[in-house]
Amino acid sequence: MAVTLPRSEYQQRRKALLQWLAEHPQTAIAIIPGASLQTRSNDTEYPFRQNSDFYYLTGFNEPDACLVLAPHADCQVQLFCQAKDPQQEVWHGRRLGTAAAVATLGVDVAYDADDLDAHLLHLFDGVELVLTDHDNQAFTAHCQELAAELRQQVRRGVYPPSQWQHLSPWLHAQRLRKSDAEIAVMREAARISVDAHKRAMRFAAPGRFEYQVAAELEHEFVMQGAAAAAYGTICGSGDNACILHYTENSAAMRDGDLLLIDAGAEYQGYAADITRTFPVNGRFSDDQRALYEWVLKAQEAALATVKPGSTLERAHEAAAFVITEGLVALGILQGKVNAHWQQASYRRFFIHGLGHWLGLDVHDVGQAPQTDKVLPFEPGMVITVEPGVYIPVDAEDIEPRWHGLGIRIEDDVVITADGYENLTDEVPKTVAEIEAWMQSK
């Protein structure tokens with residue numbers, strides 16, 4: 001049975017935003033545009049992906065829609081969407097239409113998207129503040145042009161908005177803390193992704209191609225009900241694993257190489273994000289095992305810090321210290337651990353952050369409104385924990401036996417009242433688990 005968010009979840013989100021707008025010292029409305037189709041070439045488009053903020057408030061997945069929240073209006077929740085059009089639907093697919101949108105989405109009223117400008121001109125009269133998506137510069141500029149038209153009518157008692165603010169800081173702070181229903185959906189995204197990674201581990205073999213592994217992953221995503229991959233699938237074998245966002249996936253896998261897979265499903269709009277690194281032939285070499293186990297220890301050290309009140313920065317520091325210890329123990333760094341720690345020598349090899357927020361976007365929103373302070377963990381936040389070590393093939397001062405090794409281990413973690421829940425720990429992760437799983441295929 002599919003795991004979905006109930007309509008009441010979206011209604012509650014809109015209610016919270018309406019209440020915030022109503023309590024604002026100025027008369028305010030919020031306008032949240034959806035995404036449009038993007039042309040790939042000529043008359044073909046890229047697969048549609050809804051704007052995450054719009055989807056968070058509506059659960060509606062059609063292009064060229066817009067949500068208006070106006071606490072002072074008779075109809076406070078107004079949706080603008082494509083009207084039913086049998087001729088267009090034959091070519092481009094079915095539309096929900098305005099009549100069905102009210103009952104299906106629980107909005108107060110729905111209008112044809114073509115009528116948005118006329119309605120905004122009416123709504124803007126007497127509104128002091130408009131909050132919208134300033135990242136969509138073209139849409140915001142268009143709204144401001146409409147308001148400018150009203151300024152010509154001030155002598156007739158028309159009062160257009162005088163202030164414009166970015167809605168995202170408030171909305172993104174709400175998206176950061178997931179509800180129980182959201183976490184249930186994210187568990188399903190994680191479960192599907194776990195199965196895909198386990199399938200890919202058993203499929204991988206010398207002579208097969210990275211793109212074939214990617215196809216196995218994405219086949220499993222879709223067969224289990226996910227819309228698609230949540231981001232470009234990474235299958236980097238050999239020294240391709242040292243390229244963080246490697247998506248060519250074009251090389252043949254060689255006996256003796258490691259394969260780094262970074263992939264996750266998008267399910268009901270929510271992303272999973274898992275990385276595992278394992279030997280193509282099912283057996284770690286001594287050097288591969290030694291470095292891998294230090295990366296795993298680093299992840300375990302980071303996870304040990306994860307609880308309410310702690311921070312992602314504290315987890316990063318715990319992982320980075322263990323990686324420093326490991327690099328010295330293996331002779332990749334020469335000298336004393338404390339000296340290298342003070343110099344942050346690990347940054348040459350651990351070249352990215354420990355993790356990021358996870359949700360509707362794989363690199364999800366998560367900054368508190370109007371502050372750049374470090375956010376302490378709270379129950380309901382979801383993060384990734386992904387330490388890694390990458391040793392380039394041209395590192396002349398490093399012994400050649402380490403050259404081209406790239407190892408990353410990543411799991412998806414929900415902050416709970418007393419610690420965390422690892423959503424993705426069913427993917428084999430220890431050396432023994434990985435080798436046993438691959439050799440039992």
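Just so it is clear, the values below take in all heavy atoms, side chains as well, and ignore hydrogens, waters and symmetry mates. From a predicted model like this one, the values you see are computed outputs, not experimental measurements.
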| For Leu312 and Thr384, which heavy atoms make the closest approach, and how far apart are they? | CD1-O, 4.3 Å
| message | Is it the case that atom CD in Glu433 sees more than 12 heavy atoms from other parts of the structure closer than 6.0 Å? | response | yes
In plain terms, say whether [X] and [Y] are close enough for a salt bridge, that is, a side-chain N and a carboxylate O under 4.0 Å apart.
X: Arg95; Y: Glu89; value: no
X: Lys198; Y: Asp195; value: no
X: Glu216; Y: Arg202; value: no

| note | Residue pairs passing the salt bridge (Lys or Arg N to Asp or Glu O under 4.0 Å) test with at least one member in residues 351-363, sequence neighbours excluded, are Arg49-Asp361, Arg175-Asp361
Let me check something: any side-chain donor-acceptor pairs from residues 142-149 under 3.5 Å, sequence neighbours excluded? List them with distances.
unit_1: His142; atom_1: NE2; unit_2: Asp117; atom_2: OD1; d: 3.0
unit_1: His142; atom_1: NE2; unit_2: Asp117; atom_2: OD2; d: 2.9

Salt bridge (charged side-chain N to carboxylate O under 4.0 Å, His left out) against [X], all qualifying residues, sequence neighbours excluded:
X: Lys178; result: Asp364
X: Arg276; result: Asp411
X: Glu435; result: Arg283, Arg289

Which donor-acceptor pairs under 3.5 Å do the side chains of residues 19-35 make with protein atoms, sequence neighbours left out?
unit_1: Gln19; atom_1: NE2; unit_2: Glu23; atom_2: OE2; d: 3.2
unit_1: His24; atom_1: ND1; unit_2: Gln26; atom_2: N; d: 3.3

Could I get the full list of side chain to side chain donor-acceptor pair (under 3.5 Å) partners for [X], not counting sequence neighbours?
X: Glu188; value: Arg191
X: Thr39; value: none
X: Gln212; value: none

| Should the pair His363 and His356 be assigned to parallel (<30°), tilted (30 to 60°) or perpendicular (>60°) ring geometry? | tilted
Could you give the side-chain donor-acceptor pairs of residues 234-241 under 3.5 Å, partners two or more places apart or in another chain?
unit_1: Ser237; atom_1: OG; unit_2: Glu210; atom_2: OE2; d: 2.7
unit_1: Asn240; atom_1: ND2; unit_2: Glu210; atom_2: OE2; d: 3.0
unit_1: Asn240; atom_1: ND2; unit_2: Tyr246; atom_2: OH; d: 3.2

| query | Under the ring-ring contact (aromatic ring centres under 6.0 Å, His included) rule, what pairs show up with a residue in residues 53-100, not counting sequence neighbours? | reply | Phe80-Tyr111, Phe80-His119
| query | Side-chain donor-acceptor pair under 3.5 Å between Tyr390 and His352, yes or no? | reply | yes
| request: Kindly write out the residues that satisfy ring-ring contact (aromatic ring centres under 6.0 Å, His included) with Phe349, not counting sequence neighbours, or none if the list is empty. | output: none
